[in-house]
J.: 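Take this structure first; my questions come after.
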Amino acid sequence: MKQQWHDLALKHLRTLARDEYGVEPDAVDGSELVVSTPPEEKLGDLALPVFPYAKVFRTAPPKIAAQLCERVNPEADKLGLGAAETAGGYLNVRLQRDRLIEPILSAVLEQQSEYGRVHTLDGVRTVVEFSCPNTNKPLHLGHLRNDALGESVSRILKFAGAEVRKVNLINDRGVHICKSMLAYRKLGNGATPESEGVKSDHFVGEYYVRYSRWAAEDPDAEQQAKEMLQRWEQGDPKTVELWLQMNRWAIEGIEETYRRTGVSFDAVYFESETYKAGREEVLKGLERGVFYQAEDGAVWVDLSDIELDQKVLLRSDGTSLYLTQDIGTAIQRHDDWPFERMIYVVASEQNYHFKVLFNVLERLGFEWARNLYHLSYGMVNLPEGKMKSREGTVVDADLLLDKLNEMAVNEIRTKARESEITDLSGTAEKIALGALHYFLLQTSPNKDMIFDPGASLSFNGNTGPYLQYTCARISSIMRKAEAGGATGADSGAYRLPEDAALQLTHPEEWQLVKQLAGFPEAVMQAAEGLNPTIITTYVYDIAKTFSGYYHEVPVLRAGSPAQVQARLALAAAVRQVIANALCLIDVPFLERM
RNA sequence: GCGCCCGUAGCUCAGCUGGAUAGAGCGUCGGACUUCGAAUCCGCAGGUCGCAGGUUCGAAUCCUGCCGGGCGUACCA
């Protein structure tokens with residue numbers, strides 16, 4: 001509809017240019033003509049500012065708007081596109097409601113969970129890397145932001161047509177991994193997660209903490225950790241065995257958290273398997289003169305031509321670095337599954353690292369390197385400041401979820417809803433997840449955010465549970481309607497009465513229909529900008545409109561059976577779109593809560 | 001020092017490629033439950049969009065310079 005108006009207005013703008021101003025139609029730039037929304041409902045549904053053309057026509061904008069209005073209206077009327085009027089330099093359009101309500105609602109009700117799918121990225125093979133945990137401790141709040149972003153962006157890209165492969169990279173080697181191993185060997189006495197009744201990744205994490213305490217008092221600890229890493233790299237059987245055991249514990253625990261949060265991967269890479277892979281590529285590059293070797297044997301790349309520094313790619317002893325390994329994994333991933341784009345969801349502290357990585361890959365001649373993208377996200381801080389592992393202020397993912405769950409249970413009991421739901425803990429868990437993910441995705445990715453446990457765990461206001469509640473209310477209305485048998489509905493498939501447009505004349509009903517129609521565009525924007533915030537804002541807006549609407553307009557007790565049916569169909573459509581949007585931001589949908 | 005990012009209401013955040021009077025939530029204050037679920041709704045108050053210039057019909061949005069904060073700038077990851 002926007003596009004139609006754009007084209008129509010542009011066409012007449014061009015004839016106007018020729019007829020009245022002796023300006024070549026081609027001189028009228030269509031990209032200058034934007035279709036926006038008027039600030040107030042009563043001004044119309046669409047707004048087209050004509051200011052940009054004042055200069056070409058050497059005429060005041062209100063006059064251009066008036067002339068354009070006169071020319072555009074007859075055809076708009078003929079096509080059923082509504083009518084335009086002017087307000088200063090704006091051409092405001094009032095759409096023809098009775099011709100739009102029915103097609104928009106039936107599109108939602110027919111396409112159901114597919115409504116909102118767009119094709120802007122059809123077939124684009126895209127790898128999304130996210131999460132990337134260490135195997136020495138459980139996930140924390142920072143990972144939750146990363147996971148929420150990675151999962152949500154992946155779903156959004158898929159919904160925009162892309163072929164998405166979600167990948168994880170487990171950081172399972174290095175001296176930090178050896179630290180928890182060392183502490184376990186010293187202090188573990190053969191304990192296991194089972195024997196202690198502790199979630200297995202937390203069990204491993206405890207030994208990392210114990211190591212830190214020990215190392216604070218014993219300067220020899222660091223040395224011992226390094227020695228253990230050497231033994232690991234040499235393949236010492238006892239070390240490898242311990243490593244395997246502790247990694248299994250860590251990974252099993254972490255996977256449990258993934259299942260809990262609805263996060264999953266199509267492929268998992270292990271640093272222990274890929275850390276050597278970059279070496280060969282670097283050596284090849286050295287041969288071709290892309291890199292150079294220092295006297296001590298270290299291999300360097302000189303990035304001063306693009307105003308970056310010189311970076312080491314291989315240590316003087318020939319071992320790999322983080323950067324080296326990332327070169328290897330990128331190439332390996334492209335071999336495994338030739339992608340067009342790869343998106344790394346990694347915190348902003350690594351901005352520099354990715355600039356270097358992408359540039360080095362380009363220097364090595366991989367043409368796909370130009371389509372690598374670092375989706376950088378800001379730090380998650382606490383009201384008291386940064387999370388510090390040394391000060392024990394790191395917010396543990398599982399504990400946070402437990403706490404949210406507990407609060408949700410209390411809320412359900414306070415509201416006396418316990419008897420209404422069949423699965424208390426399951427429902428509470430979905431509410432907890434909804435609260436968490438919505439909160440994390442509400443802030444634009446590139447910004448740092450403050451996680452205030454008190455405020456963010458609230459279930460009131462602009463929150464995930466508010467959206468779930470809106471859906472639960474609609475579901476409740478629909479259940480009642482079905483029980484009453486007056487709906488013409490069977491199992492949630494709502495038929496739209498033929499005269500729906502005549503029934504839905506309330507201003508908020510038109511507002512809702514317009515919002516429903518706006519969902520595909522929100523998806524497009526979110527996909528283009530790799531930004532779930534577009535979806536969170538969109539879905540809150542429509543939920544808020546609906547909440548206000550059902551407070552003042554009765555659905556089941558509407559004036560006539562036809563109106564009841566029309567309003568039910570509208571409610572069903574709203575619920576459908578909210579559900580579709582919630583799915584994109586990993587907020588569970590609830591029928592009851 | 002240099003590089004990148006951020007600075008919008010008391011607090012936490014939206015604000016599409018520049019477009020009409022800058023929006024939410026929380027918090028404060030005041031209203032609405034014999035009526036489709038009050039995890040809701042309605043209303044009041046709250047802003048020199050960090051500061052100063054510039055670009056133009058028009059700037060929270062683009063450019064430059066300051067100020068404040070964050071993160072980098074490892075043969076760590």
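Computation of the quantities below employed the complete heavy-atom set of this structure, encompassing side-chain atoms and omitting hydrogens, waters and symmetry-equivalent molecules. In what follows, every chain begins at residue 1, and chains take the letters A, B, ... in the order their sequences are listed.
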J.: Quick test of your reading of the model: are A:Lys514 and A:Glu41 salt-bridged, counting only N-O distances below 4.0 Å?
T.: yes
J.: Between the base of B:A20 and the side chain of A:Asn92, is there a donor-acceptor distance below 3.5 Å?
T.: yes
J.: Does A:Asn462 place a side-chain N or O at less than 4.0 Å from the phosphate oxygens OP1/OP2 of B:C13?
T.: no
J.: Closest to the A:Lys55 side chain: B:G37, B:C13, B:U56?
T.: B:U56
J.: To the side chain of A:Tyr540, which of B:A24, B:G19, B:A20 is closest?
T.: B:A24
J.: Any Lys/Arg nitrogen of A:Arg575 or A:Glu591 sitting under 4.0 Å from an Asp/Glu carboxylate oxygen of the other?
T.: yes
J.: Roughly, in whole Å, what's the span from CD in A:Gln565 to C1' in B:C36?
T.: 17 Å
J.: Would you call A:Arg417 and A:Glu411 a salt bridge, taking side-chain N to carboxylate O under 4.0 Å as the test?
T.: no
J.: For A:Glu528, is the CD atom crowded, meaning more than 12 foreign heavy atoms sit under 6.0 Å from it?
T.: no
J.: Looking at B:C76, B:G72, B:U35, which one has an atom nearest to any side-chain atom of A:Arg557?
T.: B:U35
J.: Which residue lies toward the 5' end of RNA chain B, A:Ser348 or A:Tyr90, if each is placed at its nearest nucleotide?
T.: A:Tyr90
J.: Could you please name the option among B:C41, B:A14, B:A20 that lies closest to any side-chain atom of A:Lys447?
T.: B:A14
J.: Reading 5' to 3' and counting Watson-Crick or G-U wobble pairs with both distances under 3.5 Å, write the dot-bracket notation for RNA chain B, | for bases paired outside the strand.
T.: (((((((..((((.....[...))))..((((.......))))......(((((..]....))))))))))))....
J.: Taking the side chain as C-beta and beyond, is there a heavy-atom pair between A:Pro532 and A:Leu149 under 4.5 Å?
T.: yes
J.: Does A:Lys544 make a side-chain N or O approach to OP1 or OP2 of B:G25 shorter than 4.0 Å?
T.: yes
J.: Of the nucleotides B:C13, B:A20, B:A39, which has the atom closest to the A:Ile431 side chain?
T.: B:A39
